[in-house]
Protein chains: 2
Amino acid sequence: MFSKACKYAINAMIYISTLPQGNDRVGLKDISQAINSPEAFTAKILQILVKENLLSSIKGPNGGFEIHEDARKTQLYRIVQVIDGDQIFTGCALGLEKCSEDHPCAVHNKFKAIREHLAGMMMTTSLEDMARGIQNGTNFLKI
Amino acid sequence: MFSKACKYAINAMIYISTLPQGNDRVGLKDISQAINSPEAFTAKILQILVKENLLSSIKGPNGGFEIHEDARKTQLYRIVQVIDGDQIFTGCALGLEKCSEDHPCAVHNKFKAIREHLAGMMMTTSLEDMARGIQNGTNFLKI
DNA sequence: GATATTTAAGATAAGTTTGTCCTTTATAAA
DNA sequence: TTTATAAAGGACAAACTTATCTTAAATATC
C-alpha cells in the first residue's frame, strides 16, 4: 500500500505531534527509536518533510525537529502525497496509462469506491487526531 | 497498491477468460500483446499461475495457455495472494510487526474498514465477471 | 525419428527502493 | 572565537522488483 519511507514518515510525524507544543523539539535519534526505524534513512525522509514545510528543523546543539500548531492539522493524505506521490489515490489499479470513465480498466468501477474510501479517510485524518491515540496509550508507533 | 507483476497477472487472466471455452488456447505473444506487457516477464508470471493451478499450459506447436471452466470462477483475491502475497489484505498499514486489536497502530481502526472493503471486493469478483466487461467493450485491458 | 514450435527454467542485467557512511553547514554554549 | 552538537547533503551499497536473454524440455507435424 504505502512505501516503507511513507510509513516511517507518518509514524514520525505522529510521534512528534504527541509532544507538548512549545516543548516539542526532538532529535533524530529519539524519533527513530520511538518508531523503530533506521536512523539515516529516517533522516532523509524528515529532510523531505522539512522542505515541504510539514516539519521544521533546527541545527546545532539542542537542535532537532519541531512541528508547529498548524502543521499538526496536516492530513495523512498530504504526507502520502509528499512521500509516495498520489498514484495510490488517483492511479489505475491495473496499471493502464489512460484509465478513465471513458476508457476504464477491468476493475475501474469497483476500485473507484475503494480509492474514494481510502482518500476520504486519509483526507479527514490529521496528525493531531492520531497523536491522541498514542498519548492515551490506545495506539502504538512500534513493534 | 499491487505490484506490476500482479497487475499483469490479473489482466492476463482476465484476457484468457474472455476467450471462448474449449477454443481458448492462446500463446504468450498474444497475451502480452493483448495486455501490453513485456513478453519474457509475463512468461515468468504465467509460470507461477500454472504452478498454482489457476491456469494450464501446453508446450509445443499449437501450445499455449488455457483457463478451464472452474478456474474462470477464480477470484481476483486469489491472484493477488499468489503473486503479491496477502500482505495487502492482512498487513499493518504503518508497518508494525505485531499490529492487532490489542496492539493497534495509529491508523488500525480506520484502515480496517478499508482493508475489509478491498478484500471483500476482491473476494467477490471473479475472472468471469471481469471478462464480461471486456467482451462487450465496456472495459479495457490496455492503454 | 527429425524438425519446428512453444512453454519452463536458469542466469543475468537494469531499475528502484531501502539503508549506510562520510563530509558539510548551522548554531548553541563555553 | 573555539568547540561540540545536530541536521543537510552527497556518495555509495544492499536488497528487491522488473525485465531480458539463453538453454532445456515437451510435443505436434512432417
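Nothing here was measured: the structure is a model prediction, and the numbers come from that model. Here is how names work: the chains are called A, B, and so on, in the same order as the sequence lines, proteins then strands, and each is numbered from 1.
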OP1, OP2 of [N] versus side-chain N and O of [X]: anything below 4.0 Å?
| X | N | answer |
| --- | --- | --- |
| A/Tyr8 | C/dT18 | no |
| A/Gln47 | D/dA7 | no |
| B/Ser57 | C/dA8 | yes |

Send over the distance from [X] [atom1] to [N] [atom2], rounded to a whole Å.
| X | N | atom1 | atom2 | answer |
| --- | --- | --- | --- | --- |
| B/Ile45 | C/dA8 | CD1 | P | 13 Å |
| A/Asn36 | C/dT18 | CG | C1' | 15 Å |
| A/Leu49 | D/dA7 | CG | P | 14 Å |
| B/Ile83 | D/dA19 | CD1 | P | 14 Å |
| B/Ile48 | C/dT7 | CD1 | P | 16 Å |
| A/Ile31 | D/dA6 | CD1 | P | 12 Å |
| A/Gln87 | C/dT17 | CD | P | 11 Å |
| B/Glu39 | D/dA19 | CD | C1' | 12 Å |

Ignoring hydrogens and angles, does a donor from either the side chain of A/Lys44 or the base of D/dG10 sit under 3.5 Å from an acceptor on the other? yes
Looking only at side-chain atoms of [X], point me to the closest of [options].
| X | options | answer |
| --- | --- | --- |
| B/Phe41 | D/dA28, C/dT27, D/dA19 | D/dA19 |
| A/Ala40 | C/dT20, D/dA28, D/dA4 | C/dT20 |
| A/Phe65 | D/dA7, C/dA9, D/dT29 | D/dA7 |
| A/Lys59 | D/dA7, D/dT20, C/dC21 | D/dA7 |
| B/Asn62 | D/dA8, C/dT20, D/dA28 | D/dA28 |
| B/Lys4 | D/dT18, C/dT27, D/dA7 | D/dT18 |
| B/Ser3 | D/dT18, C/dA8, C/dT27 | D/dT18 |

Specify the residue among B/Arg25 and B/Thr42 whose closest nucleotide of DNA chain D lies further upstream toward the 5′ end. B/Thr42
Lys/Arg-Asp/Glu bridge criterion (N-O < 4.0 Å) met for A/Arg25, A/Glu66: yes
Would B/Lys110 and A/Asp129 pass as an ion pair if we require N to O under 4.0 Å? no
Base, sugar-phosphate, or nothing for [X], non-hydrogen atoms under 4.0 angstrom?
| X | answer |
| --- | --- |
| B/Lys29 | nothing |
| B/Lys7 | nothing |
| B/Gly60 | base |
| B/Ala43 | nothing |
| B/Ile58 | sugar-phosphate |

Cluster check B/Val107, A/Ile67: I/L/V/M/F/W/Y, side chain < 4.5 angstrom: yes
Determine the interplanar angle of the A/His103 and B/Phe140 rings, folded into 0 to 90°, and report it as parallel if under 30°, tilted if 30 to 60°, perpendicular if over 60°. parallel
Show the numbers, then the answer: is there a side-chain hydrogen bond (donor to acceptor under 3.5 Å, both in side chains) between A/Thr42 and A/Ser32? CA-CA 7 Å; A/Thr42 306; A/Ser32 59; 5.2 Å; no
Interatomic distance, B/Thr124 atom OG1 to B/Leu76 atom CG [nearest 0.5 angstrom]: 9.0 Å
